[in-house]
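Beneath this line is the structure, given in structure tokens, with notes to follow.
Every chain is numbered from 1, with letters handed out A, B, ... down the list of sequences.
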There are 2 protein chains.
Amino acid sequence: MVNICFGWIHWRQQYSLKAFLTRGRAVSKNNTSVVASLRQWIREGRYPAGERLAELHVAEHLGVSRTPVRLAFRTLEQEGLLERAGQRGYRVRAFTETDILCALEVRGALEGVAARRLAEQGLSTALEAQLIDCLDRGHAVLEKGFLEADDVTVWSELNECFHTTIIGSIGSSVIGDALARNDHLPFASADSIILDTQALDREYRKLHVAQTQHQTIVQALRQGEGARAEMLMREHAYIGLRYGELLSLDPPDRR
Amino acid sequence: MVNICFGWIHWRQQYSLKAFLTRGRAVSKNNTSVVASLRQWIREGRYPAGERLAELHVAEHLGVSRTPVRLAFRTLEQEGLLERAGQRGYRVRAFTETDILCALEVRGALEGVAARRLAEQGLSTALEAQLIDCLDRGHAVLEKGFLEADDVTVWSELNECFHTTIIGSIGSSVIGDALARNDHLPFASADSIILDTQALDREYRKLHVAQTQHQTIVQALRQGEGARAEMLMREHAYIGLRYGELLSLDPPDRR
DNA sequence: GAGCTCTACTCTGGATCCAATAACATATTA
DNA sequence: TAATATGTTATTGGATCCAGAGTAGAGCTC
């Protein structure tokens with residue numbers, strides 16, 4: 001089991017640096033969704049990898065009946081967070097470094113395909129304006145040369161906006177669905193967050209590079225260079241490895 | 001809704017040509033898995049796209065209680081076959097031509113990544129022998145220059161073996177899982193199968209090209225040429241469009 | 001005749017109950 | 001002492017029941 005801080009792949013749910021900065025665990029208050037609670041608990045390490053989960057125990061733990069837990073187990077199994085332990089319940093899945101690298105490659109490949117399709121079908125003026133707006137606002141956040149706590153939140157929301165805009169504009173949800181399923185993999189656990197005082201500095205460098213990459217991607221999209229857009233987007237997926245908190249893994253060399 | 005025969009993306013469950021040839025619907029006898037039955041029914045068009053499904057009705061239809069149906073609905077929703085119809089149950093999802101193309105691209109991209117990783121990490125002699133064995137047996141099937149009904153079955157099993165061997169050898173199930181989820185999309189329905197007397201001829205040409213592509217892929221894998229293996233595998237994913245039954249769609253030009 | 005309201009029905013979500021099964025532990029016999 | 005048989009327990013899977021919410025339709029009013 002890899003034990004590292006890894007917030008980047010989860011730009012949809014920035015819980016690592018943001019949670020650390022605000023000193024508040026983003027625990028969902030409404031227990032409406034058992035699935036969400038279980039995801040959270042697994043991410044937090046409350047159910048560590050390898051732990052065997054039984055419907056009844058989890059149900060009591062959550063204060064609900066077995067039925068919603070059963071549904072949640074199926075869902076989480078499909079997402080890859082749980083695996084069947086024979087007839088003896090489910091087990092929290094452990095992830096290796098290879099798994100993490102593969103998930104990054106999957107992300108890069110899928111977003112790359114989306115970028116290529118978008119470049120080939122051409123940007124509408126409205127879409128182009130939307131992307132440029134994301135870029136401008138991201139630029140504004142990074143302009144002052146350093147980060148404050150809120151800046152990370154703002155920028156990661158813009159980042160999310162940038163990516164979802166691209167994914168949502170290719171006229172099919174198939175790629176986005178595949179991507180969303182991939183993103184459920186929990187490669188961060190709250191107790192593994194190791195941030196030093198230089199965290200914001202490091203984060204700034206990362207965001208700066210990401211911002212530049214975004215600009216280059218939009219450029220390729222505008223010029224209809226599908227292959228280049230795809231290549232750039234794939235490289236972009238590794239930014240967490242190159243400039244982030246993942247220290248023990250080497251990003252693949254690809255150009 | 002696209003209404004075409006499209007068996008290739010489902011090399012794990014060859015139901016189109018094979019089912020036609022054997023004149024037997026591959027209806028699952030054991031009703032153990034409600035999910036499988038529902039998938040089958042949706043593929044067969046028994047529940048056409050847009051149809052609203054209610055738990056109770058489907059449960060009666062299947063002769064089981066609501067509980068397993070509810071589980072199945074969640075599963076199928078995650079797989080992308082069903083979508084929520086507000087608070088009024090689920091709806092069978094309709095797929096556009098773009099969806100199909102995207103699914104093919106996703107398949108190509110993911111298998112491409114797998115091929116690249118495998119080439120980069122190097123083939124073990126055992127794995128190499130396994131792949132070569134697949135190739136040889138596939139070659140033997142196609143050697144006589146024409147196809148009989150059983151040949152299609154045999155070759156598609158070998159095809160499946162070839163692909164799963166590659167996917168299963170990269171040391172992580174993440175890519176394989178993403179691929180498996182993508183493959184659940186039902187792009188074939190039994191009533192849309194339009195096969196003429198030249199079907200076997202056409203199929204032979206397709207299989208022949210696929211066989212050649214497999215050989216080229218193994219060659220690239222053996223020589224450790226990751227980028228080439230990836231490119232070949234991605235192109236391979238479009239064989240259904242180039243030589244198969246999909247007539248109305250143009251495969252992307254990519255080289 | 002049109003629009004609003006109320007009621008009944010449909011459908012989902014959760015809880016609980018019952019059956020089946022696999023694993024584990026214990027006892028018995030060769 | 002070891003192997004097999006048997007009983008117990010833990011756990012899943014399915015069925016049914018109950019509550020809540022949303023929708024549609026009928027009826028009433030202006």
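Applying the 3.5 Å distance criterion, the base of D:dG13 shares a donor-acceptor pair with the side chain of A:Arg66.
Taking atom CD of residue B:Glu60 and atom P of nucleotide D:dT16, one finds them 11 Å apart after rounding to whole Å. Between the C1' atom of C:dG13 and the CD atom of B:Glu55 lies a distance of 8 Å, rounded to the nearest Å. Taking atom CZ of A:Arg91 as the reference point, atom C1' of D:dT12 lies 16 Å away to the nearest angstrom.
Contact annotation: A:Ser65 side-chain N/O to C:dA15 OP1/OP2 distance is under 4.0 Å. For the OP1/OP2 pair of C:dT10 and a distance below 4.0 Å, the side-chain nitrogens and oxygens of B:His57 include no atom meeting the criterion. Contact between the side-chain N/O atoms of B:Arg70 and the OP1/OP2 oxygens of D:dT16 is not found at any separation under 4.0 Å.
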**Asked** How far apart are the C-alpha atoms of B:Arg117 and A:Thr98, what are their side-chain angles, what is the distance that settles it, and do they pass the side-chain contact (heavy atoms from CB on, under 4.5 Å) test?
**Response** CA-CA 10 Å; B:Arg117 286 194 71 86; A:Thr98 308; 3.7 Å; yes
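Taking the six-membered ring where tryptophan is involved, the planes of B:His214 and B:Phe162 are essentially parallel, since the angle between them stays under 30° and well short of 60°.
Between A:Arg84 and B:Arg52, the residue whose closest nucleotide on DNA chain D is further toward the 5' end is A:Arg84. Between B:Leu53 and B:Thr67, it is B:Leu53 whose nearest contact on DNA chain C lies nearer the 5' terminus.
The residues A:Arg93 and A:Glu77 are annotated as not salt-bridged, no charged nitrogen and carboxylate oxygen being separated by less than 4.0 angstrom. Salt bridge status for B:Arg137 with B:Asp133: present, with a side-chain N to carboxylate O gap under 4.0 Å.
Here D:dT12 is the nucleotide among C:dT12, C:dA15, D:dT12 with the atom lying nearest to any side-chain atom of A:Ala54.
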